[in-house]
Amino acid sequence: MGEGCVIFKRLIYISVVGSLVLLSAPFLLISSMGLLSILRKLKSSPDRELRILLLGLDNAGKTTILKSLASEDISTITPTQGFNIKSVQTDGFKLNVWDIGGQRKIRPYWSNYFDNTDVLIYVIDSGDKSRFEETGNELQELLFEDKLVGVPILVYANKQDLINSAAASEIATGLNLHTIKDRVWQIQACSATSGEGVRDGMEWVIKNIRK
Ligand code: G3D
Ligand code: MG
């Protein structure tokens with residue numbers, strides 16, 4: 001065998017191994033990233049940020065969910081005065097979080113935050129049956145918002161760890177979620193304190209981000 005042939009074989013070997021390493025790199029990368037990072041990588045481009053609205057009545061568990069999602073990723077949490085809105089911004093990713101209900105007077109100003117929403121996440125305290133009607137009404141109003149037409153919605157049936165909590169299916173029926181026909185929706189049972197179910201919900205979000 002000539003020396004040229006050996007060098008040629010080596011070159012082929014190096015290029016095959018090199019390609020395999022290059023091909024597997026994205027998968028290795030994804031498995032080592034947090035969910036928010038994956039969201040960011042999937043959606044971010046220099047001129048477009050991913051916008052998620054995280055809404056629900058006060059005490060539903062939004063802040064706890066946010067903390068459980070964010071881990072080390074969140075760089076700033078800025079409470080906006082008067083609105084009770086938190087804006088979480090990382091590069092290519094923006095999460096607007098606020099408590100709805102009891103803030104009807106400022107509702108006209110909300111629309112600033114509705115612009116270009118990619119996904120709406122609505123959090124419900126599954127243990128607080130006395131407020132199911134109130135939270136259902138708020139959700140209905142959101143579904144009628146012009147700027148949120150067609151925006152995918154994930155409902156977290158939170159606090160599933162409480163013994164008196166309603167099942168996600170019960171909440172879906174009570175809130176008439178099955179009548180939603182103008183967008184994709186999902187209800188996800190979760191417990192923000194234990195973290196159970198939170199990740200599953202975000203995986204649905206990733207799959208259903210508005211194109
Ligand atoms: P909000 O941001 O929607 O207003 P918070 O709600 O995240 O501040 O949570 C309100 C309270 O509910 C907090 O209790 C929080 O610990 C609790 N909570 C949030 N998620 C869960 C859950 O999944 N299970 C249980 N059992 N409690 C939860 P405190 O006592 O701090 O007010
Ligand atoms: Mg809060």
Side-chain angles (χ1 to χ4, degrees), residues 34-36 39 50-90 93-107 109-110 112-114 117-143 145 148 151-172 174-175 177 185-205:
L35 267 174
L36 288 189
L39 271 172
L50 174 65
R51 293 173 70 90
I52 297 179
L53 277 177
L54 179 61
L55 307 182
L57 298 183
D58 54 284
N59 206 48
K62 298 178 296 300
T63 303
T64 314
I65 285 177
L66 184 63
K67 280 184 188 156
S68 119
L69 284 176
S71 59
E72 79 287 358
D73 271 305
I74 299 302
S75 55
T76 50
I77 295 185
T78 317
T80 309
Q81 293 206 334
F83 274 61
N84 198 18
I85 291 176
K86 287 192 187 86
S87 241
V88 173
Q89 179 111 46
T90 64
F93 179 83
K94 185 164 187 177
L95 187 56
N96 283 323
V97 190
W98 80 91
D99 303 324
I100 58 169
Q103 296 191 43
R104 298 182 159 273
K105 274 183 292 185
I106 58 156
R107 197 156 205 149
Y109 304 102
W110 289 7
N112 297 330
Y113 293 86
F114 288 164
T117 296
D118 293 299
V119 177
L120 172 63
I121 300 179
Y122 193 79
V123 186
I124 291 173
D125 178 346
S126 311
D128 192 355
K129 293 178 181 160
S130 68
R131 295 185 80 187
F132 278 1
E133 191 179 341
E134 183 187 359
T135 195
N137 291 341
E138 294 293 350
L139 178 60
Q140 281 306 319
E141 292 206 28
L142 288 169
L143 294 175
E145 288 282 348
L148 296 178
V151 172
I153 177 166
L154 169 71
V155 177
Y156 272 127
N158 190 33
K159 306 200 188 182
Q160 287 295 315
D161 56 292
L162 299 175
I163 25 169
N164 66 336
S165 67
S169 56
E170 238 178 283
I171 292 174
L175 263 53
L177 295 185
W185 62 271
Q186 171 83 320
I187 187 157
Q188 173 65 52
C190 77
S191 166
T193 43
S194 75
E196 207 174 334
V198 176
R199 208 185 161 91
D200 295 327
M202 288 312 285
E203 275 164 15
W204 182 90
V205 165

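We count ligands from 1, going down the list as the structure has it; atoms in each ligand are counted the same way. Side-chain atoms are counted along with the backbone in the values below, which use heavy atoms only and exclude waters and symmetry mates.
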Hey, are Gln160 and Ser191 close enough side-chain-wise for a donor-acceptor pair under 3.5 Å?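 No, no side-chain donor-acceptor contact under 3.5 Å.
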Going by the order shown, which atoms of ligand 1 are within less than 4.0 Å of some heavy atom of [X]?
X     : result
Lys62 : 1 (P), 2 (O), 3 (O), 4 (O), 6 (O), 7 (O)
Thr64 : 5 (P), 7 (O), 9 (O), 15 (C), 19 (C)
Asp58 : 4 (O)
Leu57 : 3 (O)

Mind checking the CG-CZ spacing from Asn59 to Arg131? Nearest 0.5 Å is all I need.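 Nearest 0.5 Å value for the CG-CZ distance: 7.0 Å.
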Of Ile124, Ile121, Leu120, the residue whose pairing with Val155 passes side chain to side chain contact (heavy atoms under 4.5 Å, CB included):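 So, applying the side chain to side chain contact (heavy atoms under 4.5 Å, CB included) to Val155 and each of Ile124, Ile121, Leu120, only Ile124 qualifies.
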Using side chain to side chain contact (heavy atoms under 4.5 Å, CB included) as the criterion, point out the one residue from Leu154, Thr135, Leu54 that pairs with Tyr122.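 It is Thr135, the one option of Leu154, Thr135, Leu54 that forms the side chain to side chain contact (heavy atoms under 4.5 Å, CB included) with Tyr122.
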Could a heavy atom of Ala60 be found less than 4.0 Å from some atom of ligand 1?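 Per 4.0 Å heavy-atom rule, Ala60 contacts ligand 1.
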Is it the case that ligand 1 has an N or O less than 3.5 angstrom from some N or O of [X]?
X      : answer
Leu162 : no
Cys190 : no
Thr63  : yes

Specify side chain, backbone, both or neither for Asp161, according to which of its non-hydrogen atoms lie closer than 4.0 Å to ligand 1.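 Within the 4.0 Å criterion, Asp161 contacts ligand 1 through side-chain atoms alone.
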Between Thr117 and Ile52, is there a donor-acceptor pair closer than 3.5 Å when you use the side chain of the first and the backbone of the second?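 Pair absent, no side-chain N/O of Thr117 close to backbone of Ile52.
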Could you please spell out the steps behind the side chain to side chain contact (heavy atoms under 4.5 Å, CB included) verdict for Ile187 and Leu175? CA-CA 11 Å; Ile187 187 157; Leu175 263 53; over 6 Å; no
Heavy-atom distance to atom 17 (C) of ligand 1: which of Gln160, Lys159, Glu196 wins?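 Comparing heavy atoms across Gln160, Lys159, Glu196, the nearest one to atom 17 (C) of ligand 1 lies in Lys159.
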At a threshold of 2.8 Å, where the distance has to be below it, does the Mg ion (ligand 2) have an N, O or S atom of Thr64 nearby?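 No, Thr64 does not qualify, because none of its backbone or side-chain N, O or S atoms lies under 2.8 Å.
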Using a 4.5 Å cut-off on heavy atoms from C-beta on, say whether the side chain of Gln188 contacts that of Trp204.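 Answer no - side chains too far apart.
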Surrounding CD of Gln140 (heavy atoms of other residues, nucleotides or ligands, distance under 6.0 Å), is the total greater than 12?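 For Gln140, atom CD is crowded (more than 12 foreign heavy atoms under 6.0 Å).
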